[in-house]
Amino acid sequence: MPELPEVEHLRRSLGPHILGARVTSAALHRPDICTHAAPGTPASRALLAGECISATRRLGKQLAIMTPSGRTLCIHLGMSGQLLVNPRTPAGGLTHVHASWELAHPSGTVVRLLFRDPRRFGGLWTFPRADLLDAHWAHIGPDALAITGEHLHRHEGARARPIKSALLDQALLAGVGNIYADEALFRAGLAPQRSGRTLTPDNWHALAATLRTLLAEAVEAGGTTLRDYRDADGRTGNAGAAHAVYGRAGHPCLRCGTTLETAMISQRTTVWCQQCQR
DNA sequence: AGGCGATCCTGAGGGC
DNA sequence: TGCCCTCAGGATCGCC
């Protein structure tokens, strides 16, 4: 499922295909996956038909497509969402395509864009003005690529919940999902069930630094290899081999050899090393 | 009020 | 080989 690195990699790979192009048509095939900030606007118009694409933005796991008029499309991939550019699969060969666009570049190149999401945990938001995207994002925490120890300490330092739960809370920081939460805690040497109020300022700084490094590495690697993820060019990520704990419960810790533990924390499978994480 | 659990949905993959 | 069951996951809502 896409987390921050996958979405950032997607954003970067999408740029050459969509920036500077005009949306010649847009269609919403499943209205219930889309939230309109301006009800009454035709779906094709809300989905940027007639607009030029001038920029992309990202906060955490959400991707936004911007236009000079301010009309904005925000995309959340959930866990099985894909944004496909010129898929080779013939039309009708893809199931669960909930929205589609046709774009035309000044050069004449035509691009077909599809939003596909089998499990429908993802979705779209449309905004008639860019400031409404900012309002939509106002309740989400700072992006995990730039997270600081000060922020984590200030907002989580007195709380009782397990730090694994905190890392998954998009209001605290944006972009970390189950995989990178476990990986970051392993690298930082912190046990996932530790309460926030037991961490020292140094612990928070180490955790923030680990998150920034880990996520930046994963962005460069093109995101994790998970069954549903493809970038805009249809490629899978290749950071899967780098996972130290995620998906490795019962296997030896890569650092000390101790058998990795697993438990449910916040309804999420959590894997950690009892020896390396305290 | 904070923390936890249920819920949505589909397909991959394991077991028989 | 084929079928069935379990599990995976983000975010939201309701309950304690």
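Within every chain, numbering begins at 1; the chains are lettered A, B, ... in the order of the sequence lines, protein sequences first and strands thereafter.
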Between dA11(C) (P) and I33(A) (CD1): distance, integer Å | 16 Å
ring-ring contact (aromatic ring centres under 6.0 Å, His included) involving H155(A) - partner list, sequence neighbours excluded | H151(A)
Under a 4.0 Å heavy-atom cut-off, which of residues 139-151 of chain A touch DNA chain B?
-> none
When you check the phosphate oxygens OP1 and OP2 of dC9(B), does a side-chain N or O of H96(A) lie under 4.0 Å from one of them?
-> no
Within residues 58-77 of chain A or reaching into it, pairs that qualify as salt bridge (charged side-chain N to carboxylate O under 4.0 Å, His left out) - sequence neighbours excluded = E8(A)-R58(A), E51(A)-R71(A), R58(A)-D143(A)
Salt bridge or not for E220(A) and R12(A), using N-O below 4.0 Å?
-> yes
Please check the phosphate of dG10(C) (OP1 and OP2 only) for any side-chain N or O of H76(A) closer than 4.0 Å.
-> no
Do any N or O atoms of the protein come closer than 3.5 Å to N or O atoms of nucleotides 5-8 of chain B, and which pairs are they?
unit_1, atom_1, unit_2, atom_2, d
dG5(B), OP2, Q267(A), OE1, 3.4

Among all residues two or more places apart in sequence or in another chain, which pass the side-chain hydrogen bond (donor to acceptor under 3.5 Å, both in side chains) test with Q193(A)?
-> none
Using the test ring-ring contact (aromatic ring centres under 6.0 Å, His included), find all partners of F115(A) that sit at least two apart in sequence or belong to another chain.
-> none
Kindly write out the residues that satisfy ring-ring contact (aromatic ring centres under 6.0 Å, His included) with W125(A), not counting sequence neighbours, or none if the list is empty.
-> H136(A)
Ignoring the backbone of K61(A), work out which of dT10(B), dG10(C), dG9(C) is nearest its side chain.
-> dG10(C)
5'-most by nearest nucleotide on DNA chain B - R30(A) or S165(A) | S165(A)
Those residues at least two apart in sequence (or on a different chain) that pass side-chain hydrogen bond (donor to acceptor under 3.5 Å, both in side chains) with H29(A) are S100(A)
Results of salt bridge (charged side-chain N to carboxylate O under 4.0 Å, His left out) for R255(A) - residues two or more places apart only | none
Among residues two or more places apart or on two chains, list those pairs meeting salt bridge (charged side-chain N to carboxylate O under 4.0 Å, His left out) that have a residue in residues 193-209 of chain A.
-> none
Are any protein N/O atoms closer than 3.5 Å to N/O atoms in nucleotides 1-3 of chain B? If there are, list each pair with its distance.
unit_1, atom_1, unit_2, atom_2, d
dG3(B), OP1, A160(A), N, 2.9
dG3(B), OP1, R161(A), N, 3.2
dG3(B), OP2, R159(A), NE, 3.2
dG3(B), OP2, R159(A), NH2, 2.6

May I ask you to say whether D169(A) pairs ionically with R161(A), meaning some side-chain N is under 4.0 Å from a carboxylate O?
-> yes
Determine to 10° how strongly the helix from dG2(B)-dC16(C) to dC16(B)-dG2(C) is bent, judged from the axes of its five-pair ends.
-> 50°
